[in-house]
Amino acid sequence: MHSHSFTRLLTASFFLILLFFAAAWAEPTVVDNGNQPANGLVRGELRELWRAGGEDDDVFFGTLGGVRTDPEGRLYLLDGQLSQVHIYTPDGEHLATVGREGDGPGEARNPADMFVAADGTINILQSFPGKVVKLTPEGLPAGEATFSAGAGSEGQFGVLIAGRGHGQDMILAGIRMTFGGAISTQTYFLARCDEQAQQKVALLEKEHTINYAELVMDEAAMDFIWGRMAVGQDGRVYVAPERDAYAINVLGVDGTLQKVIKREFKSMPRNEKQRQLATQIIEAVAANYPTPARQITIEDTDPVLSSIQVTEDGRIWTQTSTGNHQTPEGTWMVLDVFDDNGTFEKQVALEGDHKADRDAVILLPNGRIVVIVGALDAWLNQQGAGANAEEAPEAEPLEVICYELNEK
């Protein structure tokens, strides 16, 4: 090879290396948005398509912990109390009920979430001991997977709380725990895993210590991204890691922080009713611990964001603390909407008379909206509403309503 050809090759290789490291060290894009959306507030008409459950349906729901779709638009509803998944057509026809409670193949106990993989496999997340129970699209057992963070995580107990799918990858959130006497060291985690739940990339972690001899349930210390996470069509993960900040981190498939989307926001103080509800929720969580809580600490405000959801067009929809309580007349919830670049595009006020603090709202990738009427009361009822089961609310039968959203 001529010396000048070798020099050109060496120079090109050098610049490629520089480009690689420049990309690896690049600062994330920060999108700062003001308090007002570019296109203002619009009203969203919810046109009912179908409903299931309630008092007049043959299908009964215990608690609904996960609502997902597949590429054909079928709807999957995870009943965490009955440990089964109901499958509906896009038009609301009940196709099948798969899974059941137990410890055998294809069985789970008290699952917390579920998702559907690209090949149609139904992945059910059992909370504790944490594992992923797999079913074929027909509901037959398809194996199990146990989360592992890799070397150094041996001997830890795992709890799985939330999960999403992208291709054959799993995006799992949960808690790794080790015990030493009365002390439990807990690592809250969000990780991208392979189809066997083996961690590929650690996306987010937070340490928390529990002293069972002096059990304190601290709302802020226990906060994590359980409901504040979403996965886009391209596999990027959207999370809001800070409870009291309006900041959405956009993570690439490799875990790199690519973008931070911010918005000016001021949380409103909780009123007495909201403080009581927050306390009731923490009491319900405390009921799962082996010793009673000596103290419960509640924050003065609700979390800034309670959910993040991404539609097929790349828009980001968020549910906020003010949007749950301060709404125009005739509406019950205001959602913030950001375009695929992170610009605060608009707010959508949902018309109707649902209850933002007690009914669950799921925005499907295709833009349809599912409302689970009475979701919180059903969960509290299952938990016994804390240490005193007599405080459990009388929950009406859960009802699922699928809507088409039309903006005015």
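- Side chain of D359 to main chain of D357: no donor-acceptor pair is present (N/O by atom type, distance under 3.5 Å, no hydrogens or angles).
- The ring pair (Phe, Tyr, Trp, His ring centres under 6.0 Å) check on F179 picks up F157, with sequence neighbours excluded.
- Between T185 atom OG1 and I210 atom CD1 the span is 10.0 Å, to the nearest 0.5 Å.
- Between L251 and Q258, the closest side-chain pair of non-hydrogen atoms is not below 4.5 Å.
- With sequence neighbours excluded, no residue satisfies side chain to side chain donor-acceptor pair (under 3.5 Å) with E329.
- Considering every non-hydrogen atom in both S148 and Q198, the closest pair reads CB-OE1, 3.3 Å.
- For A356, the side-chain contact (heavy atoms from CB on, under 4.5 Å) partners at least two apart in sequence or on another chain are N324, W332, M333.
- Considering CG of N406 and CD of E45, their distance stands at 5.5 Å, rounded to 0.5 Å.
- Side-chain contact check for T97 and Q84: no donor-acceptor pair (N or O, by modelled atom type) lies under 3.5 Å.
- Residue pairs meeting the ring pair (Phe, Tyr, Trp, His ring centres under 6.0 Å) criterion with at least one member in residues 59-82, sequence neighbours excluded, are F61-H86.
- Scored by the side chain to side chain donor-acceptor pair (under 3.5 Å) test, K346 finds E407 as partners (sequence neighbours excluded).
- Screening I316, I362, L364 for a side chain to side chain contact (heavy atoms under 4.5 Å, CB included) with Q309, the sole residue that qualifies is I362.
- T297 approaches Q295 most closely through the heavy-atom pair OG1-NE2, 3.3 Å.
- Side chain to side chain, T343 and N341 fail the donor-acceptor criterion of an N or O pair below 3.5 Å.
- A donor-acceptor pair under 3.5 Å is formed between the side chain of D79 and the backbone N or O of T63.
- Other residues, nucleotides and ligands contribute at most 12 non-hydrogen atoms within 6.0 Å of the CG atom of D58.
- Contacts of R294 classified as side-chain contact (heavy atoms from CB on, under 4.5 Å), with partners at least two apart in sequence or in another chain: E214.
- Among residue pairs with one or both ends in residues 213-236, those qualifying as ring pair (Phe, Tyr, Trp, His ring centres under 6.0 Å) are Y188-F224, Y188-W226, F224-W226; sequence neighbours excluded.
- A donor-acceptor contact shorter than 3.5 Å is absent between the side chain of Q382 and the backbone of W379.
- Considering all non-hydrogen atoms of both residues, R74 and L95 come closest at CD-CD1, 3.6 Å.
- Side-chain contact between L172 and L125: present, with at least one pair of heavy atoms (C-beta onward) separated by less than 4.5 Å.
- Here salt bridge (charged side-chain N to carboxylate O under 4.0 Å, His left out) pairs that include residues 157-172, with residues two or more places apart or in two chains, are D113-R164, D169-R192, D169-K200.
- Listed for the D91 side chain is no donor-acceptor partner under 3.5 Å among the backbone atoms of E93.
- Atom CD of E55 sits in a sparse spot, with 12 or fewer heavy atoms from other residues, nucleotides or ligands closer than 6.0 Å.
- In this structure, Q274 contributes its side chain and N271 its backbone to a donor-acceptor pair below 3.5 Å.
- Residue E219 qualifies as enclosed at atom CD: its count of foreign heavy atoms under 6.0 Å is above 12.
- Listed by chain and residue number, T69, Q233, E312 satisfy the side-chain contact (heavy atoms from CB on, under 4.5 Å) test with P365 (two or more places apart in sequence, or in another chain).
- Summarising the local packing, CG of D353 is surrounded by 12 or fewer heavy atoms from other residues, nucleotides or ligands at distances under 6.0 Å.
- Side-chain contact check for V334 versus P328: some heavy-atom pair is nearer than 4.5 Å.
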Derivation of the salt bridge (Lys or Arg N to Asp or Glu O under 4.0 Å) call for D223 and R228: CA-CA 11 Å; D223 178 77; R228 307 191 302 263; 2.8 Å; yes

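- Sequence neighbours left out, the pairs with a member in residues 107-151 that pass ring pair (Phe, Tyr, Trp, His ring centres under 6.0 Å) are F147-F189.
- R176 places none of its side-chain heavy atoms less than 4.5 Å from the side chain of V159.
- By the 4.0 Å N-to-carboxylate-O rule, E345 lies close enough to R315 to be salt-bridged with it.
- Distance check: M114 CE to L64 CG gives 11.5 Å after rounding to the nearest 0.5 Å.
- With 3.5 Å as the limit, one finds no donor-acceptor pair spanning the side chains of Y246 and N33.
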How far apart are the C-alpha atoms of K408 and E351, what are their side-chain angles, what is the distance that settles it, and do they pass the side chain to side chain contact (heavy atoms under 4.5 Å, CB included) test? CA-CA 11 Å; K408 296 180 179 180; E351 295 182 340; 3.2 Å; yes

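- Within the 3.5 Å criterion, the main-chain N or O of R109 finds a donor-acceptor partner in the side chain of Q126.
- Here the CD-CD1 distance, from E48 to I401, works out to 5.5 Å after rounding to the nearest 0.5 Å.
- Remark: L203 CG to L190 CG distance equals 4.5 Å, nearest 0.5 Å.
- A pairwise comparison of heavy atoms in G165 and V231 identifies O-CG1, 4.4 Å as the closest pair.
- Contact check for N123 versus V133: no side-chain heavy atoms found under the 4.5 Å cut-off.
- Taking 4.5 Å as the limit, some side-chain heavy atom of L75 sits within range of a side-chain heavy atom of V67.
- A donor-acceptor contact shorter than 3.5 Å links the side chain of E107 to the backbone of D103.
- The two residues S321 and S267 have their closest heavy-atom pair at OG-OG, 4.1 Å.
- Partners of Y403 under the ring pair (Phe, Tyr, Trp, His ring centres under 6.0 Å) rule, at least two apart in sequence or in another chain, are H354.
- Defined by atom type and a distance below 3.5 Å, a donor-acceptor pair is present between the side-chain atoms of Q319 and S307.
- Between atom CD1 of residue I183 and atom OG1 of residue T178 there is a gap of 10.5 Å, rounded to the nearest 0.5 Å.
- Here W50 and Y88 bring their ring centres to under 6.0 angstrom of each other.
- The backbone N or O of G352 lies less than 3.5 Å from no partner atom in the side chain of T331, so there is not a single donor-acceptor pair.
- Side-chain N/O atoms of D119 and T121 include a donor and acceptor closer than 3.5 Å.
- With sequence neighbours excluded, the residues that form a side-chain contact (heavy atoms from CB on, under 4.5 Å) with R275 are R270, E272, I298, D300.
- Q326 has its side chain within reach of M268: a pair of non-hydrogen atoms, C-beta onward, lies under 4.5 Å apart.
- Between K259 and D340 the shortest heavy-atom distance is NZ-O, 3.9 Å.
- D336 is listed as a side-chain neighbour of R263, based on a closest heavy-atom distance under 4.5 Å.
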In sequence, state the C-alpha distance, the side-chain angles, and the governing distance for T187 and E205, and then conclude on side chain to side chain donor-acceptor pair (under 3.5 Å). CA-CA 6 Å; T187 301; E205 291 189 348; 5.6 Å; no

